[in-house]
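Worksheet: the structure to be examined is printed underneath.
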Number of protein chains: 2
Amino acid sequence: MDQVELFKALANKTRLQILTWLKDPEFYFPDYQSACGIDDIGVCVGHIQKKSGLTQSTISAYLSLLHRVGLVSATRVGQWTYYKRNETAIAKLGQLISSTL
Amino acid sequence: MDQVELFKALANKTRLQILTWLKDPEFYFPDYQSACGIDDIGVCVGHIQKKSGLTQSTISAYLSLLHRVGLVSATRVGQWTYYKRNETAIAKLGQLISSTL
DNA sequence: TTGGTATATCGAGAAAAGTCGATATATATT
DNA sequence: AATATATATCGACTTTTCTCGATATACCAA
């Protein structure tokens, strides 16, 4: 876990919003539901993109970045990729900051 | 407290190091001591600059940034400015991340 | 296999951050 | 007042980040 890369990932308004939205998908994405019927698999790129107002390519890259640093997990199901918070990693980050910072 | 600005301030190797060094000045700056004789007032810009290897202007700006976002406090004594961790703010950040992130 | 939809990647331009040397300001000393 | 030291600010250049449109890839349906 590279602390600097983690903080860089968090140093962006949209990426922070995405992490907030993924905390409570049913609240933040009330109109959508997982196309594959599996619950708790996360939210697909398109829904996040529409809510963000940024372009598809930007959001795809942002999610890929959040995934690279381990803050979210990604699951491909058919043509959709579902992104979901990695609560373990996020909790560890909180501890990391509380203890080492 | 703007979260994004906070994370930006932390998204830099040197600034993270400075925060670490200020956690234990006697350990990280064994050769130096506060010129004004007051203990626990912090470490002056010059000492931090020498340890960092970067230029005076860069470190001055970094410390000013850390101060602006509230992570350190600054005390001017004569021609020196002493910077010191703001433990309250840092602890709050840990909580902020653990609770809202 | 052809076309449609979802996501990822590429290339580019604009904006921000990193970093420096030079200079300005503040303070202390003589 | 003149000089010396510590810190802050300025201007410039380089590198990184933000963001987009265009294109490529993956998958599905007919």
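Throughout, a chain's letter reflects where its sequence line sits, starting with A, and its residues are numbered from 1.
- Not a single donor-acceptor pair under 3.5 Å links the side chain of A:Arg85 to the backbone N or O of A:Leu71.
- The CD1-C1' distance, from A:Ile18 to D:dC18, rounds to 13 Å in whole Å.
- Judged by distance alone, the side chain of B:Arg15 and the main-chain N or O of B:Lys8 form a donor-acceptor pair under 3.5 Å.
- Residues B:Val69 and B:Leu10 have side chains not in contact (no heavy-atom distance under 4.5 Å, counting atoms from C-beta outward).
- Once rounded to the nearest 0.5 Å, the distance linking NZ of B:Lys51 with CD of B:Gln17 reads 8.5 Å.
- B:Phe7 is listed as a side-chain neighbour of A:Leu16, based on a closest heavy-atom distance under 4.5 Å.
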Return a table of donor-acceptor pairs under 3.5 angstrom between the side chains of residues 56-68 of chain B and protein atoms on other chains or two or more places apart.
residue	atom	partner	partner atom	Å
B:Ser57	OG	B:Thr55	OG1	3.4
B:Thr58	OG1	B:Thr55	OG1	3.0

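- Side chain of A:Asn86 to backbone of A:Ser73: no donor-acceptor contact under 3.5 angstrom is found.
- Distance CD (A:Gln79) to C1' (D:dT25): 13 Å, rounded to an integer number of Å.
- Checked against side chain to side chain contact (heavy atoms under 4.5 Å, CB included), A:Thr81 has the following partners two or more places apart in sequence or in another chain: A:Val45, A:Ala74, A:Arg76, A:Tyr83.
- Looking at every heavy atom in both residues, A:Trp21 comes nearest to A:Ser52 through CH2-CA, 3.8 Å.
- Residues from residues 55-70 of chain A lying near DNA chain D, meaning a heavy-atom separation below 4.0 Å, are A:Thr55, A:Ser57, A:Thr58, A:Tyr62 in numerical order.
- Within residues 4-15 of chain A, no residue has a heavy atom under 4.0 Å from DNA chain C.
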Please tabulate, for the side chains in residues 91-101 of chain A, all donor-acceptor contacts under 3.5 angstrom to protein atoms that are two or more places apart in sequence or on a different chain.
residue	atom	partner	partner atom	Å
A:Ser98	OG	A:Gly94	O	3.1
A:Ser99	OG	A:Gln95	O	2.9
A:Ser99	OG	A:Leu96	O	3.4
A:Thr100	OG1	A:Leu96	O	3.0

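- Reading DNA chain C from its 5' end, the first and the last nucleotide to sit under 4.0 Å from a heavy atom of chain A are C:dG4 to C:dT9.
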